[in-house]
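Structure incoming, see below.
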Amino acid sequence: MNRLSTKTILHVVGARPNYMKIAPLMDALRDVPGVRQILVNTGQHYDEAMAKGFIRELSLPLPDRDLEVGSASHAVQSANVMIRFEQVCLEERPDLVVVVGDVNSTMAATLVAAKLLIPVAHVEAGLRSFDRTMPEEINRMVTDRLADILLTPSPDGNENLLREGVPAERIHLVGNIMIDTLFRHLPMATLDRVADRVRVRERGYAVLTLHRPSNVDDAETFRGILSAIAEIACDLPVVFPVHPRTQARVTEFGLEDCLKNVQVTGPMGYIDFLSLTSHARLVLTDSGGLQEESTALGIPCLTLRDNTERPITVSHGTNTVVGMQPANIVAGYRAAMRQEPSSTRRPDHWDGCTARRIAAVLQRHLFG
Ligand code: UD1
């Protein structure tokens, strides 16, 4: 390695599911000599509970750049990230841009970097739902097409990328970086942290999250899901930390009645939410990350979608894809209640050491 050369890595975060993926990587790269790290926060999410709270809680450094793009249509939001991120790249001249996940900020930053001929590393590459009605599927496809270093969480990611013609030498199976963050914070995740907001007993409740446009933006679909939840809540207490998009739809569609037996809270911070999920009997969700976290925790998970881009959580974990039909959700619930929580099954490389593996790949790329 040339001792005199310093390489600049520019990390991009923007939305709630990004922070827990960048935090362990920045930590691991801190020990690599000759690396200067810059954190760019696009501001796709901006509420304290959706963004800044995570930065503090996960001990991320304060962002060097805040792009403050805020909420807008997909085109406007992505375009604003592009315009502002291009300026940052021109000023900082990074040797590598790191993007994570599949949100609009991920795709927009990748497009900018690729056009400036700056290499891009994509953490969580290769996932596919094969459902283009999901905005994230478009983001995943564009990002992976343009990225130079594809860091996959599971072998299905490698298979998808190889099938799409990505050269094998660009693909690195590194495992799931979110699980690094999960293991790091699990000892702090005790139920008494959330006792001021919810009344629950160890393994005596379900946690629900919903925010996908396909589930909450259509009144009939959303009402159907909540009717199934109301039925489940007669049997097992349900806790529902509500995403801002979802809260807006509950009010717009007048669905408050369906939630009268459900313990509704605002969005939670990372450790509080982990406290809730890690002591639950069951998780019901349309989130991608939560399918993975419940698999790592050994807690049964019902995915309220027609498909998943994370099939390993079904084949090697605790996840069952039940769709959005009320009868199927309730049937899934009954089957899941017969399934015991177990921490014995976990995909390979979901071991808390993914950030170290990624740091090694990036170090080889930068310094040879
Ligand atoms: C985005 C991601 C999704 C991810 C999710 C996690 C895309 C296409 N979608 O969806 O993949 O799973 O984040 O939350 O990138 N809002 C607030 N405060 C905030 C942020 C949003 O009130 O801090 C409200 C706004 O009304 C906004 C709406 O939530 O219009 C949706 O936010 P947006 O970032 O557009 O999409 P998400 O549904 O959060």
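Sequential numbering from 1 along the given sequence is applied to the chain's residues. Order of appearance sets the numbers: ligands from 1, and atoms from 1 within every ligand.
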* Given Asp272 and Arg193, is the salt bridge (Lys or Arg N to Asp or Glu O under 4.0 Å) satisfied, shown in steps? -> CA-CA 6 Å; Asp272 285 356; Arg193 286 185 66 101; 2.8 Å; yes
Exercise answer, ligand 1 polar atom pairs (N/O) under 3.5 angstrom:
residue: ligand 1; atom: 9 (N); partner: Glu136; partner atom: OE2; Å: 3.4
residue: ligand 1; atom: 11 (O); partner: Glu136; partner atom: OE2; Å: 2.5
residue: ligand 1; atom: 12 (O); partner: His211; partner atom: NE2; Å: 2.8
residue: ligand 1; atom: 13 (O); partner: His45; partner atom: NE2; Å: 3.3
residue: ligand 1; atom: 14 (O); partner: His243; partner atom: NE2; Å: 3.0
residue: ligand 1; atom: 15 (O); partner: Gln44; partner atom: NE2; Å: 2.8
residue: ligand 1; atom: 15 (O); partner: Asn104; partner atom: N; Å: 2.8
residue: ligand 1; atom: 16 (N); partner: Tyr46; partner atom: OH; Å: 3.4
residue: ligand 1; atom: 18 (N); partner: Asp47; partner atom: OD1; Å: 3.4
residue: ligand 1; atom: 18 (N); partner: Asp47; partner atom: OD2; Å: 2.9
residue: ligand 1; atom: 23 (O); partner: Tyr46; partner atom: N; Å: 2.9
residue: ligand 1; atom: 23 (O); partner: Asp47; partner atom: N; Å: 2.9
residue: ligand 1; atom: 34 (O); partner: Gln44; partner atom: NE2; Å: 3.4
residue: ligand 1; atom: 34 (O); partner: His45; partner atom: NE2; Å: 3.0
residue: ligand 1; atom: 38 (O); partner: Arg245; partner atom: NE; Å: 2.8
residue: ligand 1; atom: 38 (O); partner: Arg245; partner atom: NH2; Å: 3.4
residue: ligand 1; atom: 39 (O); partner: His45; partner atom: NE2; Å: 2.8
residue: ligand 1; atom: 39 (O); partner: His243; partner atom: NE2; Å: 2.9

* Side-chain donor-acceptor contact under 3.5 Å, Asn158 with Thr152 -> yes
* Verify the distance criterion only: is there a donor paired with an acceptor across the side chains of Asn41 and Tyr19 at less than 3.5 Å? =>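 Yes, Tyr19 and Asn41 have a side-chain donor paired with an acceptor closer than 3.5 Å.
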* For residues 22-47, which residue pairs qualify under salt bridge (charged side-chain N to carboxylate O under 4.0 Å, His left out), counting only residues two or more places apart or in two chains? -> Asp27-Arg30, Asp27-Arg184, Arg36-Glu92
* Asked: About how many Å separate CD of Gln44 and CG of Asn18, when rounded to the nearest 0.5 Å?
  -> 7.5 Å
* Going by atom types only, do Thr308 and Gln291 share a side-chain donor-acceptor pair under 3.5 Å? -> yes
